[in-house]
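Below is one structure, written out as structure tokens; the observations come after it.
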Protein chains: 2
Amino acid sequence: MGKDPNTIPNIIISRLPLYYQHLKNLQNSDKEYISSEELAELTGFSSSLIRKDLNHFGTFGRKSYGYDVYCLFQQINIIMGFNYKKKVIIIGAGHLGQALAYNKGYTERGYQLISIFDKNPKLIDLVINDIEIKSINNLEKFIENNRVDAAALTVPGAAAQKLTDRLVEAGIKAIWDFTEVPLKVPDDVLLQEQLINEGLCKLSIKMNQLRNNGSKELKDLKCQQK
Amino acid sequence: MGKDPNTIPNIIISRLPLYYQHLKNLQNSDKEYISSEELAELTGFSSSLIRKDLNHFGTFGRKSYGYDVYCLFQQINIIMGFNYKKKVIIIGAGHLGQALAYNKGYTERGYQLISIFDKNPKLIDLVINDIEIKSINNLEKFIENNRVDAAALTVPGAAAQKLTDRLVEAGIKAIWDFTEVPLKVPDDVLLQEQLINEGLCKLSIKMNQLRNNGSKELKDLKCQQK
DNA sequence: TAGATTGTTAATCGATTAACAATC
DNA sequence: TAGATTGTTAATCGATTAACAATC
């Protein structure tokens, strides 16, 4: 699977969202062409790496000009599958689930948010950003009657595996997981973790390094017990 | 800087949040020891890599037993700087900012959320999770009177750079950035991107690969124009 | 034409894995 | 003791960078 020559290497996949982000932002500029060197400046990756990443998918550049900003963005959209329409639902209408209902990121990435589910009777029938919160009791029926390509999971950790099982059982093949608990899914189901607090972790680590002046103190730690 | 032998390699930093997550979840189990092989099962990293990562910081294991689940968690907390207290504010009380006000991830990571700011008069004085939304006009005064270690930025892209400049000017050294626009900060300010839609991107790429049966069609793309 | 910048190969660098002695 | 599992070295693997011919 990882050896299929047609599979995109994970290391490239990890950089694609950032390429997308910058090329999207460049669409509003008056820039027609951008060089790999300028993209390097923006993304922090080396120009050489960028040229190599792009050449994995095809030939996009124009020698001595660079890359056509509009065209490259179109190609990145194709590579990321954004021109393919996907329907998504949100499971859990708590604070995070509601915020995700207002997220502006779906459409440009080819997603359409079609429903939100919760078990709390006080939330059911509430309308969030034009989308009515439905009872979780109706989840299976809804999936049966509507093509649903992906589900965002924003429920408390304790409920997460049970709801995952229901989603899988109902035929969902892609889960965007915001819970911070380990979930089990069959091999044919895509499980994408979104560690909402990852940035908080990394900032803490880096602040700590600065405090320690190069984390000298993080060198010979020990577990005390025998 | 990257060559300082006391600096934690970025590649290890990138794995630490996941180690933390799993060790935290293990605290509630009755497991006393965990082997690198079991951690490999949980995290998806190889046991060899895990042992090597941990040995970067010290000696935590017990031969033939594995790692003490409680003690290793304590050490990871130290490594990540979570036992050091940090005060954080949120800039932007929109849907995402409000959801972040309810985020349960601060305390366990050593953060304390102390204030939220917005420019919308309708939001000012509103209380979210016991925290009063303050006018952005009072930002500088607040930072002057309170130690603030980090700021979460959840404002519209158009306002992002201006507010970043104000935060930097006021002395903030760490920014947790949820905007999807490129921000400029001085070298001594930590800027941590949190691409909220990254998971949506990766799911789309992977769904697309499956559709294309190994993305054969993503091999010889071209920009049409001459 | 001279200058710029790509696409791509070869060289380098660094990260991961395999293996195993040490030892609990 | 026999079995398990660490810590660590050496070997391998893969990713990044340097370099440059091609060419716009």
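So that the names make sense, note that chain A is the first sequence line, chain B the second, and so on, each numbered from 1. We use all heavy atoms of the structure for the numbers below, so side chains are in, but hydrogens, waters and symmetry mates are not.
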task: Run the ring-centre check on A/Phe73 versus A/Tyr20 and record whether the distance is less than 6.0 Å.
output: yes

statement: When both distances are under 3.5 Å in a Watson-Crick or G-U wobble arrangement, the nucleotide paired with D/dA4 is C/dT23

Strand partner of C/dA15, provided both Watson-Crick or wobble distances fall under 3.5 Å: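 C/dA15 is paired, partner D/dT12.
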
What is the distance, to the nearest angstrom, from the [atom1] atom on [X] to the [atom2] atom on [N]?
X: B/Arg15; N: C/dT16; atom1: CZ; atom2: C1'; result: 9 Å
X: B/Ile12; N: C/dG14; atom1: CD1; atom2: C1'; result: 12 Å
X: B/Lys52; N: D/dT9; atom1: NZ; atom2: C1'; result: 9 Å
X: B/Asp68; N: C/dC24; atom1: CG; atom2: C1'; result: 15 Å
X: A/Asp220; N: D/dG7; atom1: CG; atom2: P; result: 13 Å
X: A/Leu49; N: C/dT12; atom1: CG; atom2: C1'; result: 15 Å
X: A/Leu221; N: D/dG7; atom1: CG; atom2: P; result: 13 Å
X: B/Leu54; N: D/dT8; atom1: CG; atom2: P; result: 12 Å

- prompt: Counting just side-chain N and O atoms, does B/Ser46 come under 4.0 Å of either OP1 or OP2 of C/dT16?
  reply: no

OH on B/Tyr111 to CG on A/Leu200, rounded to 0.5 Å: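 That separation rounds to 4.5 Å.
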
- prompt: Could you give the distance from CD1 (A/Ile172) to CD (A/Glu169), rounded to the nearest 0.5 Å?
  reply: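 Spacing of CD1 (A/Ile172) from CD (A/Glu169) equals 12.0 Å.
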
B/Gln21 and B/Asn25: CA distance, side-chain angles, deciding distance, side chain to side chain donor-acceptor pair (under 3.5 Å) verdict: CA-CA 6 Å; B/Gln21 206 61 63; B/Asn25 289 330; 4.7 Å; no

- prompt: B/Ile11 side chain: which of C/dA15, D/dA10, C/dA10 is closest?
  reply: C/dA15

- prompt: So, B/Ser14 side chain and B/Ile11 main chain: donor-acceptor pair closer than 3.5 Å or not?
  reply: yes

B/Trp176 backbone acceptor or donor facing B/Glu193 side chain under 3.5 Å: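 A pair under 3.5 Å: no.
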
Restricting both atoms to N or O, compile the protein contacts to nucleotides 4-6 of chain C shorter than 3.5 Å, with distance only.
unit_1	atom_1	unit_2	atom_2	d
C/dT5	O4'	A/Ser64	N	3.2
C/dT6	OP1	A/Ser36	N	2.7
C/dT6	OP2	A/Ser36	OG	2.7

query: So, is the end of the B/Arg62 side chain (NZ or CZ) under 6.0 Å from the ring centre of B/Tyr67 and within 45° of the ring's axis?
result: no

